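Below is one structure; the comments refer to it alone.
Predicted model only: the values in this text are computed from it and were never measured.
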Amino acid sequence: MSYSDRDSIQERVPQRWGIQSAKVVLLPPDDYQDTAIARLLSDLETMKYLRFMTKPNGYTIEDAAKRRKYRDDCQINKKEMVNFSIALKRSQIPDSIVDSIQPDEYLAPRKVPIDGGSIDLDEPFIIVGCCGLSSIDGHNHSSEAGIILDARFWRSGVSTASLYLTLEYGFEFLRLHRIVLLTTGANVGMRGWMENVVGVKVESVRKDVIYMGDGTYADSWDYAVFDHEWSSHSKRSLLERTKR
C-alpha cells in the first residue's frame with residue numbers, strides 16, 4: 001500500500017457531514033444538540049450495556065459539550081473520526097413511540113450546514129442517538145464503528161438504518177477495507193444483529209478488557225465487516241431490513 005493510498009483516506013474525512021434517508025437523518029454534532037446528548041448519556045436504560053461510559057451523577061450539558069469538542073478535534077484536525085448525531089424528523093417517529101416524546105425534546109426546523117451544502121430539516125426534529133466511525137487508520141484502511149441509541153427506539157429500525165448509512169459511508173466513500181464493531185457479551189441483541197442481519201461471525205472475544213467502573217470487568221466481543229462482505233451480502237441484508 002502506498003503513502004498516497006493512506007493519505008487519500010485521511011483526505012476524504014469530512015469536516016462536517018450529514019446523510020438523509022427515509023428513516024433517519026445523520027447530522028454533524030453541534031452545540032444546539034448538547035442538551036439532548038447529555039440526556040441520552042445519562043439515561044440508565046440507554047447506557048445499560050455501556051456502563052463504562054457513564055458518570056455517577058449523569059452528564060451535564062457542559063460534559064456533553066466537552067465530549068463534542070474533543071470528537072470534533074479528532075475529526076477535523078486529526079482525521080481519525082467521522083461523527084454523526086442521529087435525528088428523526090417528527091414525521092419519521094414511529095406511531096408507537098411518538099407519545100413518549102416530551103415537547104421540550106423537539107428542536108426547531110433549521111438548515112444544517114455541511115461540507116459544500118446543507119441539510120434542510122423542514123419540520124421539528126429530535127436527537128435520538130449518535131453513531132459514526134472512529135480510530136480511522138489510513139495505512140491499514142480500517143476503522144471502528146459504533147452507535148448509542150435512545151432505549152425508546154430500540155427494535156424500531158432506527159439502529160439498522162443509522163448503521164447502514166455509517167457502514168455505507170465507510171466502505172463506499174472512505175473506501176475502507178475493514179470496519180470493526182465492538183460489544184459486550186451481555187449485549188445479546190447487538191451480537192444477534194451482527195450475526196443474523198449483517199451476516200458476520202464474532203472475530204474474537206477479549207476477556208476482561210473493559211473496566212465497568214464498579215470493580216468488575218467485561219469481555220469485548222469483536223466483530224469485523226470486510227469490504228467484500230459488504231458488497232456480497234451485508235449491504236443487501238441491511239438495506240432490505242431498512243425497508244421493513
Do [X] and [Y] have side-chain atoms, one donor and one acceptor, less than 3.5 Å apart?
X	Y	answer
Gln33	Ser85	yes
Ser142	Asn140	no
Thr184	Asn187	no
Gln15	Asp115	no

Between [X] and [Y], what is the shortest heavy-atom contact and its length?
X	Y	answer
Ile9	Arg175	CD1-O, 4.2 Å
Glu45	Ala151	CG-CB, 3.5 Å
Leu174	Arg12	O-NH2, 2.9 Å
Pro109	Pro124	CG-N, 3.7 Å
Lys79	Ile76	CE-O, 3.5 Å
Arg241	Lys23	O-NZ, 4.4 Å

Hey, what do you get for [atom1] ([X]) to [atom2] ([Y]), rounding to the nearest 0.5 Å?
X	Y	atom1	atom2	value
Ile127	Leu88	CD1	CG	8.5 Å
Arg152	Thr46	CZ	OG1	7.5 Å
Ile86	Ile37	CD1	CD1	8.5 Å
Lys235	Asp227	NZ	CG	13.0 Å
Thr216	Tyr211	OG1	OH	7.5 Å
Phe125	Glu105	CZ	CD	13.0 Å

Tell me whether [X] is salt-bridged to [Y], with the criterion being a basic N under 4.0 Å from an acidic carboxylate O.
X	Y	value
Arg206	Asp219	no
Arg178	Glu144	no
Arg68	Asp34	yes

[Y] backbone acceptor or donor facing [X] side chain under 3.5 Å:
X	Y	result
Thr160	Gly157	no
Asp72	Lys69	no
Glu240	Ser237	no
Ser42	Tyr59	yes
Glu229	Phe226	yes
Arg191	Gly185	yes

Distance flag, aromatic centroids of Tyr164 and Trp230, threshold under 6.0 Å: yes

Stepwise side-chain contact (heavy atoms from CB on, under 4.5 Å) check, Arg71 with Arg67: CA-CA 6 Å; Arg71 295 173 72 86; Arg67 177 181 183 273; 3.9 Å; yes

Quick one: does [X]'s side chain get under 4.5 Å of [Y]'s, heavy atoms only?
X	Y	value
Cys130	Ile147	no
Ile210	Ser220	yes
Arg90	Tyr106	yes
Trp221	Ser204	no
Leu167	Ile179	yes
Leu181	Met194	yes
Cys131	Ile148	no
Val13	Ile136	yes

Verdict with supporting geometry, Leu27 and Phe84, side-chain contact (heavy atoms from CB on, under 4.5 Å): CA-CA 5 Å; Leu27 299 174; Phe84 296 117; over 6 Å; no

Check against side-chain contact (heavy atoms from CB on, under 4.5 Å), Ile97 and Ser156: CA-CA 9 Å; Ile97 302 174; Ser156 69; 4.0 Å; yes

Within 6.0 Å of CG in Asp214, more than 12 heavy atoms from elsewhere: yes

Atom OH of Tyr70: over 12 foreign heavy atoms under 6.0 Å: no

Arg16 vs Asp30, salt bridge (charged side-chain N to carboxylate O under 4.0 Å, His left out): CA-CA, chis, key distance, verdict: CA-CA 10 Å; Arg16 290 175 56 88; Asp30 238 325; 3.0 Å; yes

Going hydrophobic residue to hydrophobic residue with side-chain gaps under 4.5 angstrom, can you get from [X] over to [Y]?
X	Y	value
Val205	Leu50	yes
Tyr223	Leu182	no
Ile126	Ile61	no
Ile19	Leu121	yes
Tyr49	Trp193	yes

Ser134 and Glu80: CA distance, side-chain angles, deciding distance, side chain to side chain donor-acceptor pair (under 3.5 Å) verdict: CA-CA 6 Å; Ser134 62; Glu80 295 173 348; over 6 Å; no

Given Thr242, Val25, Leu26, the one that forms side chain to side chain contact (heavy atoms under 4.5 Å, CB included) with Leu165: Leu26

Stepwise side-chain contact (heavy atoms from CB on, under 4.5 Å) check, Ser162 with Leu149: CA-CA 10 Å; Ser162 301; Leu149 183 66; 5.7 Å; no

